[in-house]
Visitor: 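The following block contains the structure, expressed as structure tokens.
Any value given below was found using the heavy atoms of this structure, including those in side chains, with hydrogens, waters and symmetry copies removed. In the text below, chain A, chain B and the rest are named by the order of the sequence lines, each starting its count at 1.
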Amino acid sequence: MADTAIKTFGGLLARQGILVAFILFMVGFTLWNPRFIDIDNVFGVIRSSAILGVMALGVTFVVIGGNLDLSVGSMLSFSAIVVLDLHENPAFGPALAIPAMFALTLCLGAINGFLVGYLRLNSLIVTLGMLSAIHGLTLTWSGGQNMDIADQGATWFGVFGRGTALGIPIPVLIFVALAAFLGILLAKTPFGRKVYAVGGNPTAATFSGIPRARVVFLTYLISAFCVAVAGLIQASRTMGAQNTVGQGLELEVLAAVILGGASLLGGSGTIFKTVIGVLILGFIQNGLLLAGLQFYVQFVVTWIIIILAVWLDIATKRGKLWSPIA
Amino acid sequence: MKTDILKKLVQNGAIWGFILLQLVFFELAGRYWAGSSTTFIDLDNLLLLLKQSAPIGIIAVGMTIVMVNGNIDLSVGAIYALCGIVLLDSLGWPMMEAMGDGAIPLAMLIALATGCVLGLINGLIVWKTGVDAFIVTLGAMLGYRGLVFMYNGEQPTSNLNWTMVDMAEWGIFGIQTPALVLLFVVLVVWLVMTRTVHGRNAYAIGDNREAAVNAGIRVGPHMLINFAVIGFLAALSAVVFYSGSGSVNPNDGMLFELWAITAVVLGGTKLTGGKGSIIGTLGGVIAIQLLRRGLNHIGADTETVNIVIGTILIVVLLLDRQLNRKASGELKV
Amino acid sequence: TYTIGITQNNVGVDSYQTTYEQAFIAAAEANPDVEVVVLDAGGDVARQIAQIQDLVQQEVDAMIIWPTNGQAVIPAVRQAHQADIPVVITNSNIAEEGFEFIRSFSGPDNVTQGARAAEIMCERFTAMGIQDEAQIVQITGQPGYTTAIERAEGFEERLPEVCPNVTLVASQPGNWNREDSQRVMEAFLVQYDDIDGVYSGDDNMGVGALNAALAAGRAEGITFVGATNFAVGYDAMERGEYWGSIYQSPVDDAEAALQTALDILAGEDVPFLNYFDTPKITQDNMGEFTRPVF
Amino acid sequence: MTGQTPALRLDGIVKDFPGVRALDGVSFTVMPGEVHALMGENGAGKSTLMKVLGGIYQPDAGRIYIAERETRMKGPLEAKANGVMFIHQELSLAQELSVAENIYLGELPRKSFGRVDWPTLYARTDAILEKLRVGFTARTRVGELSIANQQMVEIARALTVDAKAVIFDEPTASLTDAEKVVLFDVIADLKAQGVGIIYISHRMEEIFRITDRISVLRDGEYRGTLDTAQTDETEVTQMMIGRKLDLSRSAATVEPGPVALRVEGLSCGTLFRDATFEVREGEVLGFYGLVGAGRTEIAETLFGLRKPTAGRIFLKGEEVTISSPIDAIRKGISLVPESRKEQGLVLGMNCRDNITLPQVADLTAGPFVADGAEISIYDQYRDRLSIKSPSWRTLVGNLSGGNQQKIVIGKWLSMRPEVLIVDEPTRGIDVGSKSEIHNLLRDLARQGYAVIVISSEMPEVLQCSDRIVAMYNGTIMREFTAEEVTEDSLIQAISGLNSGAAA
Ligand SMILES: Nc1ncnc2c1ncn2[C@@H]1O[C@H](COP(=O)(O)OP(=O)(O)OP(=O)(O)O)[C@@H](O)[C@H]1O
Ligand SMILES: Nc1ncnc2c1ncn2[C@@H]1O[C@H](COP(=O)(O)OP(=O)(O)OP(=O)(O)O)[C@@H](O)[C@H]1O
Ligand SMILES: [Mg+2]
Ligand SMILES: [Mg+2]
């Protein structure tokens, strides 16, 4: 009995090193400050991680498909600015602003997808270029001004960022629902399988009759869709946005995805692990804030935790602590 | 044979062709469109360009080595800032202050050593834990930045030493110190990468890690050295830049890594390793710097600059692909 | 005609800087004797130094700099000075070592602004009768920027002078970013059961903190004070949710800088420190001010 | 021989991988000046044993003796230092580096300051290349070489040091006859110098041509050593697979049906020109030619991977254009590609997912992939092709080379195509499975499939085909029927000697 329990735990450790790292880490912080595990705080962390998290879900698809997406941060600024601006436009109002924003953001994703998928351009450079170009586009749209909802009381727009249902914040619900949906899409459907194949070996995928370009294209559309959702939450949460709200998020998102164990070479990773990655980052930030540490101490601790977590993950997989590299 | 050479020239020369194109375009656009009174193609202007390319350029050279080796370093921006702080702060230590200007070379050495150590830490973690360099240096990007802030809180670290500024602004034939250092670094690293055993092994490791291991190349130490070198070069870049500016913002150097990588890739280095050229990287750095200055020259505003730079990056990639297109009947994979 | 070059800190990062740029260009266009070269450093010191060098190379008649780092630009400013180009510093000043190379500073006094914010906060606490027990938190701007540092400095120095028993329990940066500040405030709210006041480096962040408090249902008892009165802050004041701020107009800021440069070119005497006034604004006196345009 | 000290002795080597014991107490001795064959089915543990010897894997138990001195191979470097050279089964080259740098990988000659001594490097390399009679130089970039020539670069490494023992792991899998002759000369030279040679191959004729003794592994266990001179194929095979093997060709019992695929004047740039041929249902058409003759390119064109520059393709009498592999699959064409690692497999995916990859979109229950259907396809082809894998969850990258190849074949067989093209189908496959695959191909034809077999092995085309197309340098030289073909006429046709005598 105890024996099997140990065995199961050993197996879990080997397969889900990152999950174990997460649990250890949560226990550690809770011992330090019991408030950490307070239900309000937990919801608070998940709620504020939701934006990063939703973006990371999309980027997981792109990364498993063997590419990068560095444009998500500046795309987030774009979608938030656009939805707010259209919201204030009497011709649109919230009901039209949201679909219009989704359409425009998906167009940007389609550009990424077209360039990387169909034209086969290097995704790092393409999305870096798009990072810059979309920022320019956002500035042009807003004229460089912050966007705000003038009469916050008169709109239901805030529900996406501030509302709750059954006592659970709506952003948390969106994040969980989207994670479940995309998790199933990736793990259980033919499309998901194709994403893994294209990321794992694009040539072999082509030889197997998988439309490589279209699959890559779709991963970027998914990524853009997630950014649009995140942008909606963001805009609704703050009821206003600067042109730079998403700046720098691209690397944080990537860190979460990688921390979850997706390989940058493509072909591996799961939505579940990405969620863990997001939560680890969210709880590190929150835990250190609660511990009253300076934000730069957070940086250093995040560094150490990222490396320890990934190390633990791969060390359990290979069954050895140290790398065999000579 | 002849067409082969021509093809190679076109392939490797794409970036230089692009630079030439930019020069001509900005000269003409500046004169006839923006009505600028100054010329763009002008020796002083080009020398200034080279000088301004130095901070990113020196780092990009290091990035080329690491990328050829099959790794990447995202922490260079933070190393750059941290070494800048070490340089300026160490000048203010009582012992060093007592030495007067004689402390300058010592401070520079301390800063360079710091860079090496930071690079070594990255390299050691990559080697010993087997965690991917992308993750290790992504973490270090945060961690080292944290150290930058710890050093002096959120305040800039300043120490304006006019002797050092004069050194940075010194030059011969109008080529100022930063440009000289950049050219020197390019030359030395080019020699190392093309002529030495270490350089060739770095290519082999990046090209086919398993083959290198099978052949008995000790992959770890080579990676370690290369991380130390990029740490050193990031520090050198900091020394060159901060001796001329005298003050470090704690968030200086952010995004340097991305621009350095962009320059390296534009210069023809493969992201997956095994292929790349230092000279190409120099071209990539100059091309990007030229683009920025050119856009300023013709009076483009912030949003236009952003849009154009983004678009150009993609267009260059597209052109490069067109130029390097395989023969007809290519395998459609 | 005169050619005047300006290199700005980071256009587009917030409405203030954008409005400043627009106002500057508008002012220059209104004056037939001026041509301007407008550059943006994008917050990057290295790029700003390069731009100063470029302007020297282009032999502009005068140069206006909104420094990204008040120390780092000094050697570049010296180059301009050596090339006999008069330099005006705008919005946030450079360090004293550089004063000999510039002709004038034109902008707000950020230390005073911080001090005034402390006074607003203290007056409010006194009116509420909690000046001896209040606990406050601070959300600062982008770490490393002069404006952020000076405002925090002014606030932290002045507060104990006026309200010695108020404690500043925590300070975290909000990076001039409403979302960041909202996140920081959420954590503060979990961490501290008793928060009586929030000082933010600008209203944009202040409104982020306000949003967090509203969401947690704790906004009622908290006094929010900011700086650089943004339209959102003004509106929140009007609704009675936000207490006070410092009124600072980017249009005044831009026009003052251009005028200073023109005065210098015209050979007039200009004061070395050319501060424009930035008054306190609170719910009590906001009627005296128009709603900010940014 | 018994009086000599062995060049190499392995004693009780055990090696475990998660889920498999790859080696189970293997002992094995190589004398100096001996060519010692190591044989066994796919997955028997040959490559693993050699990797233990080469320092790439650490054994879980057992000892290694070199010249009767116990030695621990901590890594490839120690192996090399102890005089053990290893020519790997899978190409182990840096594509962007020159031939010389690859041959001396890990031990480039040095000058002061760590500089590479280029003149010495090139001089030494040229000397080796001369011995190998190859058509490229020391400075050529390896990526520009054909697979066969890359294999020669790999082989050249054996000549760089004074080795005590050299391991060749399936060196001939992608060599042509001309290069094989060179390789055998090299081996003879080494042998004359008293080097102990371990030679792994699935090709019996080679084994009997060059080796002195044969050791056999089965399921990671040592089965015994035979004297080559005193044994024959049957005995070796029986030792390997534990039963007798029927090597006879299964006769075609059906009359060929209507034409399934007809190609008229198909050309693709300079790769191949004016190819005209047809294949009927119930028939196996063989393509034979030297490496680079353009057979693979024809197959790729038929599979929609290349755009033809001229010519027409008819499927069941109807003209079609095939624009992509998706298109080809939809029209009933399957291609088993020639390079399993690059084109055939996603190494990071498990066995089941690889096999069902081309049809995953059809194996659905509602919007989801149907797990059960997938596993039953896997089980079916595992049994049919006797794929040796711990479970369907095993990553394909962890299978032995031959079993990987079987996965690729299974993947395309399970598509039940009308036209099945197989390109070098048995590269790296053991004799038992090889004849199984040959018979399988013939069975498929009997069931009404049209099969095209591309191969560089003459016995294979002879064994399988009803008709044989001989190619030389991008053109079809001649077509033979199974009855009229002789080895000589085939060799003549593929060397472009009698271009006049078209059938
Ligand atoms: N890295 C690995 N991880 C897990 N299992 C492995 C690994 N390498 C080999 N194996 C397993 O060990 C067994 C022996 O494999 P090996 O490659 O030695 O076979 P082989 O005799 O060389 O076959 P072939 O003739 O097909 O090359 C196989 O069952 C294989 O699946
Ligand atoms: N000299 C060469 N330079 C570059 N690529 C080559 C060269 N020779 C062959 N190739 C390519 O390498 C791949 C494998 O070549 P290989 O020599 O194995 O030919 P093959 O496919 O066996 O010959 P066939 O075309 O007759 O089937 C082919 O796609 C071929 O086009
Ligand atoms: Mg093998
Ligand atoms: Mg072939």
Visitor: As an exercise: rank A/I51, A/D148, A/N243 by heavy-atom pairs under 4.5 Å with chain C and give me the winner.
Guide: A/D148
Visitor: Decide if atom CZ of A/F225 counts as having more than 12 heavy atoms of other residues, nucleotides or ligands within a radius under 6.0 Å.
Guide: no
Visitor: Would you call the rings of A/W141 and A/F78 parallel, tilted or perpendicular, where under 30° means parallel and over 60° means perpendicular?
Guide: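 Perpendicular, since the angle between the ring planes exceeds 60°.
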Visitor: Checking C/E179 against chain A: side chain, backbone, both or neither under 4.5 Å from a heavy atom?
Guide: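 Both parts, backbone and side chain.
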Visitor: Does any backbone or side-chain atom of C/F230 lie under 4.5 Å from a heavy atom of chain A? Answer side chain, backbone, both or neither.
Guide: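 Only the side chain of C/F230 comes within 4.5 Å of chain A.
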Visitor: In terms of heavy-atom proximity below 4.5 Å to chain C, should A/R237 be classed as side chain, backbone, both, or neither?
Guide: both
Visitor: Should the ring pair C/F224 and C/Y242 be called parallel, tilted or perpendicular, given that the plane angle runs from 0 to 90° and is split at 30 and 60?
Guide: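 Rings of C/F224 and C/Y242: parallel, as their planes differ by under 30°.
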Visitor: Counting only heavy atoms closer than 4.5 Å, note whether C/A170 contacts chain A via side chain, backbone, both or neither.
Guide: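 Contact with chain A: none, neither part.
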Visitor: Side chains of C/I222 and C/V198: does their closest heavy-atom pair fall under 4.5 Å?
Guide: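 Yes, close enough: below the 4.5 Å cut-off.
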Visitor: In terms of heavy-atom pairs under 4.5 Å with chain A, which of C/V11, C/N204, C/D235 leads?
Guide: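 Most heavy-atom pairs within the cutoff with chain A belong to C/N204.
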Visitor: Heavy-atom distance under 4.5 Å to chain A: side chain of C/Q22, backbone, both or neither?
Guide: side chain
Visitor: Please flag which part of A/Q247 lies under 4.5 Å from any non-hydrogen atom of chain C: side chain, backbone, both or neither.
Guide: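 No part of A/Q247 comes within 4.5 Å of chain C.
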Visitor: Name the option with the most non-hydrogen atom pairs under 4.5 Å to chain A; the candidates are C/Q172, C/R239, C/Q17, C/R178.
Guide: C/R178
Visitor: State whether C/E238 and C/R291 are salt-bridged, where the test is any N-O pair (Lys NZ or Arg NE/NH1/NH2 against Asp/Glu carboxylate O) under 4.0 Å.
Guide: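 Here C/E238 does not pair with C/R291 in a salt bridge, since their nearest N and O are not under 4.0 Å apart.
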Visitor: Parallel, tilted or perpendicular: which one describes the rings of C/Y20 and C/F24, with boundaries at 30° and 60°?
Guide: parallel
Visitor: Sort A/Q145 into side chain, backbone, both or neither according to what part of it lies under 4.5 angstrom from a heavy atom of chain C.
Guide: both
Visitor: Side-chain contact test, heavy atoms from C-beta onward, threshold under 4.5 Å: evaluate it for C/N10 versus C/W176 and give yes or no.
Guide: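 No, side chains not in contact.
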Visitor: So which of C/R183, C/E21, C/Q182 has the largest heavy-atom pair count under 4.5 angstrom toward chain A?
Guide: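 Option with the greatest count: C/Q182.
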Visitor: Scan C/D202, C/T140, C/N110 and name whichever one has a side chain to side chain donor-acceptor pair (under 3.5 Å) with C/R151.
Guide: C/N110
